[in-house]
Amino acid sequence: MSNNYLVSVAELQHTMAEKPLIDWDSGLLDCFEDASTCCYGFWCGPCLTLTVAGRFGENNLLPLFDLMFAPSFYGIPTCPPPAVLSIRAAMRNRYGIKGSLLNDIVISSFCATCSWCQMHRELKHRKQAPTVINIQNNNIVNMQPFPVMQAPMMMMPVQPVPAAYMAQPAVTVITQ
């Protein structure tokens, strides 16, 4: 194994210290902060899970594994549902949200619906579309002289192309 892949604890702590961790945009039980998400989770919980997984960039069908691999013993979960746990932990990691894996396990096991609603609210909060700046530099240099059309008795230059049709450097700003 090469030393190029080893990272010291000091380097890791320095990297983590550069970006402070933040709180979730809403609390776990803040359903009334966004009533539409609360209703969506209550009346169509499976649809909410598929929506959250898709918006987060995962396969939309990932939450179906929670139905198959989340055994319980008399209503008490024996292991956390894998999809809600993995997406919750990944979301905390991607957005730099405070928390711990143990906290994610407990919330995923006993408050899965509330967890899905919290993640949906977080994604709605972060949905503010980024500003995309597309810079195009289309400099076309024509090294040849203007074409000349020969008339029977005189030489007449062809009309130049209007400036509006010539390629110019452009900056396109797209906001969604």
Side-chain angles (χ1 to χ4, degrees), residues 1-70 72 76-137 170-176:
M1 187 168 156
S2 172
N3 287 337
N4 294 340
Y5 297 103
L6 297 177
V7 176
S8 72
V9 174
E11 288 174 330
L12 185 59
Q13 287 174 343
H14 176 71
T15 302
M16 292 175 67
E18 289 177 6
K19 185 178 178 187
L21 297 177
I22 59 171
D23 291 323
W24 287 90
D25 181 55
S26 62
L28 183 65
L29 302 175
D30 286 347
C31 276
F32 296 109
E33 186 176 302
D34 181 10
S36 63
T37 297
C38 181
C39 290
Y40 191 24
F42 181 77
W43 296 109
C44 193
C47 298
L48 175 71
T49 64
L50 301 177
T51 300
V52 170
R55 285 186 183 170
F56 190 62
E58 293 294 333
N59 188 312
N60 290 357
L61 302 178
L62 180 66
L64 296 179
F65 284 100
D66 284 355
L67 300 174
M68 296 184 290
F69 299 110
S72 63
I76 299 171
T78 55
C79 68
V84 67
L85 175 61
S86 60
I87 291 178
R88 184 176 180 83
M91 192 174 290
R92 272 193 324 96
N93 184 35
R94 180 180 296 174
Y95 298 135
I97 298 172
K98 294 176 189 173
S100 68
L101 189 55
L102 178 61
N103 191 25
D104 291 339
I105 291 170
V106 171
I107 289 171
S108 299
S109 298
F110 298 103
C111 303
T113 304
C114 294
S115 179
W116 283 113
C117 288
Q118 183 183 33
M119 290 187 288
H120 188 262
R121 289 190 302 270
E122 188 70 29
L123 289 173
K124 282 176 75 173
H125 171 72
R126 294 180 181 274
K127 186 183 176 187
Q128 302 166 354
T131 300
V132 178
I133 299 176
N134 184 8
I135 299 176
Q136 298 174 347
N137 191 1
V171 175
T172 306
V173 179
I174 303 169
T175 57
Q176 297 176 350

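All values derive from a computational prediction rather than experimental measurement. Counting from 1, the numbers follow the sequence of the chain as shown.
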Chemist: What residue among Ser115, Ser109, Ser108 forms side chain to side chain contact (heavy atoms under 4.5 Å, CB included) with Leu85?
Modeler: Ser108
Chemist: Under 2.5 Å between the SG atoms: is that true for Cys114 and Cys117?
Modeler: no
Chemist: Rounded to the nearest 0.5 Å, how far does OG1 of Thr113 lie from CD of Gln118?
Modeler: 13.0 Å
Chemist: Report the C-alpha separation of Ser26 and Lys124 in whole Å, then their side-chain angles, then the decisive distance to 0.1 Å, and conclude whether the side chain to side chain donor-acceptor pair (under 3.5 Å) test is met.
Modeler: CA-CA 11 Å; Ser26 62; Lys124 282 176 75 173; over 6 Å; no
Chemist: Do Met119 and Trp24 have side chains that approach each other closer than 4.5 Å (heavy atoms only, starting at C-beta)?
Modeler: yes
Chemist: How far does CZ of Arg55 sit from CE of Met91, to the nearest 0.5 angstrom?
Modeler: 10.5 Å
Chemist: Are Thr49 and Val84 packed together at the side-chain level, in the sense that at least one heavy-atom pair is separated by less than 4.5 angstrom?
Modeler: no
Chemist: Which distance, rounded to the nearest 0.5 Å, do you find between the CD of Glu58 and the CD1 of Ile87?
Modeler: 6.0 Å
Chemist: Hey, are the side chains of Phe42 and Cys31 touching, using non-hydrogen atoms and a 4.5 Å cut-off?
Modeler: no
Chemist: Can you give me the closest heavy-atom contact between Ser36 and Asp34, atom names plus distance?
Modeler: OG-OD1, 2.9 Å
Chemist: Over all heavy atoms of both residues, which pair between Leu48 and Gly41 is shortest? Give the atoms and the distance, please.
Modeler: CD2-CA, 3.6 Å
Chemist: Run Thr37 and Arg121 through side chain to side chain donor-acceptor pair (under 3.5 Å) and show every step you take.
Modeler: CA-CA 7 Å; Thr37 297; Arg121 289 190 302 270; over 6 Å; no
Chemist: State the SG-CG distance between Cys47 and Asn60, to the nearest 0.5 angstrom.
Modeler: 11.5 Å
Chemist: For the CG atom of Asp25 and the CG atom of Leu123, what is their distance to the nearest 0.5 Å?
Modeler: 10.5 Å
Chemist: To the nearest 0.5 Å, how far apart are CH2 in Trp116 and CG in Leu50?
Modeler: 8.0 Å
Chemist: Measure from the side-chain N and O atoms of Arg92 to the backbone N and O of Asp104, and report whether any donor-acceptor pair falls under 3.5 Å.
Modeler: no
